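A quick write-up on the structure given underneath.
Keep in mind the model is a prediction, meaning the values are calculated, not measured.
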Amino acid sequence: MAACAIRRGFLTTVSKYNRKHTHRILSIIEGSSGVEVKRPRLPCLACGLPNIQQTRFMSSRPEGKVLETVGVFEALKQHGKYETGQLFLHSVFGYRGIVLFPWHARIYDRDVIPPMSDSKPEPPGSHGSKEVKGKTHTYYQVLIDTRDCPHISQRSQTEAVTFLANHDDSRALYAIPGLDYVSHEDILPYNSTVQVPIQHELFERFLMFNPDKTTPAPPFSARDTLKAWQEKNHPWLELSDVHRETTENIRVTVIPFYMGMRDTQNSHVYWWRYCIRLENMGSEVVQLRERHWRIFSLSGTLETVRGRGVVGREPVLSKEQPAFQYSSHVSLQAPSGHMWGTFRIERTDGSHFDVRIPPFSLESNKDDKAPPAGYTF
């Protein structure tokens, strides 16, 4: 635990320092644990997805943690996007990763006052003012280094991608560990001369080392398997809308994904997953205690869900660990709907306040699409 804290503190320092000084030597602590992740089936979860079970084993490496050089920082890209094969550190969660390909998302930021002509209508029964349609923003599909997964304490799981399983059980979901979505500003790019700098079961199936690529392009190129996988699964991977709102220095960001439809007992069930990040933008230490969701379906139903914490946890948000991220799932018997709600936050003096979860749409893709393919390597 002490070593993990040292590593997190070091990465925080490096992240802030690197924004002013690029091309510095990058050193981080190698974890002493490996991870073997079983791809599980997950039960139906409208809210409060339990942690994904992982089988962990100890490696033969010594318990002592030491700083080891893994690469050299590169200048941040103020314009344009990072290419496939770009190595990076996550500026919030500190893990090593590599970019697979970009997504272009629309950000609806309720902290920005919109022109009247550029607003998006509120869902029925939701709170507050209009949402803002901001500029298109770049996100990336990335692989997480599995050596860092045990140390990402401010995430409930190390995947942000789940699929409906390819069989008749409409309640079964399938997860891909170590596949994440990362915002452009969360990337701290670096380079390395190591031919396999990231440990992940899909790394060498998706990417290949290409020493002939000229600098500053990353020396890793996409294999045909990555291009085919991206093309086949585009409808199920696509990130299109991001919703954001801040209450009393706690910012909530929500990214919904449509997962598809299943037939059950002469009815249609539509599935979505949603990824939520809470960020403490202030200096006060707070803790998430409760969640309160409202789920509106196009069929006319309005469901209220209350519960302790999220995904079985009550995370603390502090200056040292300002963010917490988790994913969950919801299903409706209608092709569209909306979700919104609040998180009950507790201060150190025992007082509480409610943080708004920005309303977000649950829209189905009405085109007939083939089921997800190529994720059972």
Side-chain angles (χ1 to χ4, degrees), residues 41-49 103-108 110 119-128 130-133 136 139 160-176 181 230-245 252-276 291-305 326-341 357-373 375:
R41 291 182 187 176
L42 307 179
C44 170
L45 290 181
C47 293
L49 177 69
W103 292 111
H104 299 294
R106 298 181 298 272
I107 292 188
Y108 298 93
R110 295 169 65 88
S119 62
K120 187 178 181 181
E122 289 286 283
S126 65
H127 58 81
K130 303 290 185 181
E131 289 190 32
V132 179
K133 184 174 182 180
T136 299
Y139 276 73
V161 173
T162 50
F163 293 102
L164 290 175
N166 272 333
H167 50 71
D168 294 334
D169 184 357
S170 65
R171 297 168 64 89
L173 303 174
Y174 189 87
I176 302 181
Y181 294 88
Q230 178 188 4
E231 182 179 354
K232 289 180 180 178
N233 293 291
H234 184 280
W236 318 107
L237 295 170
E238 182 177 9
L239 180 155
S240 58
D241 293 344
V242 178
H243 304 265
R244 184 179 292 163
E245 183 169 5
V252 179
T253 302
V254 184
I255 307 177
F257 302 86
Y258 177 58
M259 298 176 62
M261 180 269 292
R262 291 295 181 135
D263 290 316
T264 59
Q265 298 179 347
N266 299 321
S267 66
H268 298 317
V269 178
Y270 298 83
W271 280 84
W272 292 265
R273 70 179 181 274
Y274 54 92
C275 179
I276 292 186
R291 68 185 185 276
H292 177 201
W293 280 108
R294 305 200 68 162
I295 307 168
F296 176 80
S297 171
L298 186 64
S299 62
T301 62
L302 180 62
E303 181 182 1
T304 298
V305 179
Y326 74 97
S327 296
S328 193
H329 301 82
V330 63
S331 62
L332 300 176
Q333 291 185 324
S336 65
H338 291 90
M339 289 180 65
W340 66 96
I357 305 171
F360 57 97
S361 299
L362 301 172
E363 299 292 344
S364 64
N365 186 338
K366 295 180 174 57
D367 296 333
D368 292 331
K369 301 291 184 182
Y375 58 87

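Note that CH2 of W293 is 8.5 Å distant from OG of S328, once rounded to the nearest 0.5 Å. With rounding to the nearest 0.5 Å, the separation of CZ in F257 from CZ in R273 is 5.0 Å. For the atom pair CZ (R244) and OH (Y108), the distance works out to 13.5 Å, reported to the nearest 0.5 Å. Within the model, atoms CD of Q333 and OG of S297 stand 8.0 Å from one another, a figure rounded to the nearest 0.5 Å. Within the model, atoms OG of S331 and CE of M261 stand 13.0 Å from one another, a figure rounded to the nearest 0.5 Å. Atom CD of E303 sits about 11.0 Å away from atom CZ of R294, to the nearest 0.5 Å.
Smallest separation of non-hydrogen atoms from E363 and S336: OE1-CB, 3.4 Å. Of all the heavy atoms in E245 and I357, the pair that sits closest is OE1-C, 4.4 Å. Across every non-hydrogen atom of A334 and W272, the tightest pair is O-CH2, 3.7 Å. When all heavy atoms of P256 and S361 are compared, the closest pair comes out as CG-O, 4.0 Å. Closest of all the heavy-atom pairs between D241 and I255 is O-CG2, 3.7 Å. Shown here for A105 and Y139, the closest heavy-atom pair between the two residues is CB-CD1, 4.1 Å.
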Evaluate the side chain to side chain contact (heavy atoms under 4.5 Å, CB included) criterion for residues M259 and T162: first the C-alpha distance (whole Å), next the side-chain angles of each, then the deciding distance (0.1 Å), finally the verdict. CA-CA 8 Å; M259 298 176 62; T162 50; 3.6 Å; yes
Run the numbers on D263 and H268 for side chain to side chain contact (heavy atoms under 4.5 Å, CB included), then give the verdict. CA-CA 5 Å; D263 290 316; H268 298 317; 2.4 Å; yes
Side chain to side chain contact (heavy atoms under 4.5 Å, CB included), that's the test. Do W236 and V161 meet it? Break it down for me. CA-CA 9 Å; W236 318 107; V161 173; over 6 Å; no
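For Y258 (side chain) and P235 (main-chain N/O), no donor-acceptor pair under 3.5 Å exists by modelled atom type.
In terms of the ring-ring contact (aromatic ring centres under 6.0 Å, His included) criterion, residue partners of H234 (sequence neighbours excluded) are, by chain and number, W103.
Of the residues T301, V269, I295, L298, the one that meets the side chain to side chain contact (heavy atoms under 4.5 Å, CB included) test with L332 is I295.
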